[in-house]
Amino acid sequence: MTCINRRDLGLLVLRVGTGAVLAAHGTQKLAGWFGGGGIEGTTAAMEAMGFHPPKHSAMAAGLGEAGGGVLLALGLATPAAGAAAAGTMAGAVAVHAPAGFFATGGGYEYPAFLGFTAAAIGLTGAGRYSLDHATGHVLDRPWVVALAFAGSALAAAAVVGRRAKGQEDEGPAEGEPAAGSA
């Protein structure tokens with residue numbers, strides 16, 4: 001008889017909880033579930049937030065959250081799932097950063113927490129109670145970890161950088177003084 005391993009049980013609870021939250025947010029963006037705007041509403045929001053092309057950005061955000069969340073919950077391809085979710089949350093952090101840290105003021109506290117949690121799970125691995133374990137960790141190898149996190153970091157940096165450049169090029173919003181003017 002095998003004894004239940006607390007570490008693996010804890011990873012299961014953390015994976016399923018984090019994955020479910022991410023999947024729910026992603027399905028809001030992709031399908032309009034749980035009061036979300038669906039792909040059309042998310043596309044409009046992405047455009048308003050300065051992400052270009054907005055529909056591709058909406059799809060990427062929805063798939064990063066929903067797909068990453070489902071895979072985290074299942075414990076399948078955990079490094080790639082954690083990296084995808086963390087990269088997606090980096091974009092959300094960039095949007096919320098001007099409002100400061102705390103979520104009560106519209107800040108980046110919540111997406112940062114989801115991103116760090118997803119990254120930690122991706123780096124730690126899914127544990128014994130997972131599809132990665134059941135499949136002999138074929139999608140959870142050290143090279144997968146390195147490739148997934150490097151790719152996600154590069155993609156997030158490119159998307160966030162492109163958004164920032166676009167906002168600089170647009171200049172100040174109507175009624176706002178230009179940077180450096182008094």
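- In this structure, Arg163 and Phe51 approach most closely via the heavy-atom pair CD-CZ, 3.3 Å.
- Residue Leu11 holds its CG atom at 12.5 Å from CZ of Arg6, rounded to the nearest 0.5 Å.
- Contact detail for Ala118 and Ala86: the closest heavy-atom pair is CB-N, 4.2 Å.
- The line from NE2 of His52 to CE of Met49 is 11.0 Å long, rounded to the nearest 0.5 Å.
- Remark: Tyr108 pairs with Phe101 by the ring pair (Phe, Tyr, Trp, His ring centres under 6.0 Å) rule, at least two apart or across chains.
- Proximity of a side-chain donor or acceptor of Thr124 to a complementary backbone N or O of Ala120 within less than 3.5 Å is detected.
- Put simply, CG on Asn5 and OH on Tyr129 are 5.5 Å apart, with the number rounded to the nearest 0.5 Å.
- How far NE2 of His133 is from CG of Leu12: 12.5 Å, rounded to the nearest 0.5 Å.
- Residues Leu139 and Leu131 share a hydrophobic cluster, clusters being chains of Ile/Leu/Val/Met/Phe/Trp/Tyr side chains in contact below 4.5 Å.
- In this structure, Arg15 CZ and Leu71 CG are separated by 11.0 Å, a value rounded to the nearest 0.5 Å.
- Not one N or O on the side chain of Glu65 forms a donor-acceptor pair closer than 3.5 Å with the backbone of Ala23.
- Taking all atoms of both residues into account, the shortest heavy-atom contact from Ser152 to Ala83 is OG-O, 2.6 Å.
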Worksheet entry | side-chain contact (heavy atoms from CB on, under 4.5 Å) between Leu22 and Leu114, intermediate numbers included | CA-CA 8 Å; Leu22 286 163; Leu114 283 174; 4.2 Å; yes
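- Considering only heavy atoms from C-beta on, Asp140 comes within 4.5 Å of Val145 through its side chain.
- The two residues Ala148 and Pro79 come nearest to each other via the heavy atoms CB-O, 3.8 Å.
- Smallest separation of non-hydrogen atoms from Ala92 and Pro111: CB-CB, 3.7 Å.
- Considering only residues two or more places apart in sequence or on other chains, Tyr110 meets the ring pair (Phe, Tyr, Trp, His ring centres under 6.0 Å) condition with His25.
- No continuous path of hydrophobic side-chain contacts links Val95 to Val93 [ILVMFWY only; heavy atoms under 4.5 Å].
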Fill in: Criterion side-chain contact (heavy atoms from CB on, under 4.5 Å) on Phe34 and Gln28, from CA distance to verdict
CA-CA 6 Å; Phe34 311 113; Gln28 285 181 308; 4.0 Å; yes
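- Glu109 contributes a side-chain N or O that, together with a main-chain N or O of Ala103, makes up a donor-acceptor pair within less than 3.5 Å.
- Closest heavy-atom contact between Val160 and Ala94: CG1-CB, 3.8 Å.
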Worksheet item: Given Thr78 and Asp132, is the side-chain hydrogen bond (donor to acceptor under 3.5 Å, both in side chains) satisfied, shown in steps?
Response: CA-CA 7 Å; Thr78 304; Asp132 277 340; 2.6 Å; yes
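- Taking CD1 of Ile39 as the reference point, atom CE of Met59 lies at 5.0 Å (rounded to 0.5 Å).
- Atom CZ of Arg141 is surrounded by more than 12 heavy atoms from other residues, nucleotides or ligands within 6.0 Å.
- Residues Val138 and Val144 do not share a hydrophobic cluster, clusters being chains of Ile/Leu/Val/Met/Phe/Trp/Tyr side chains in contact below 4.5 Å.
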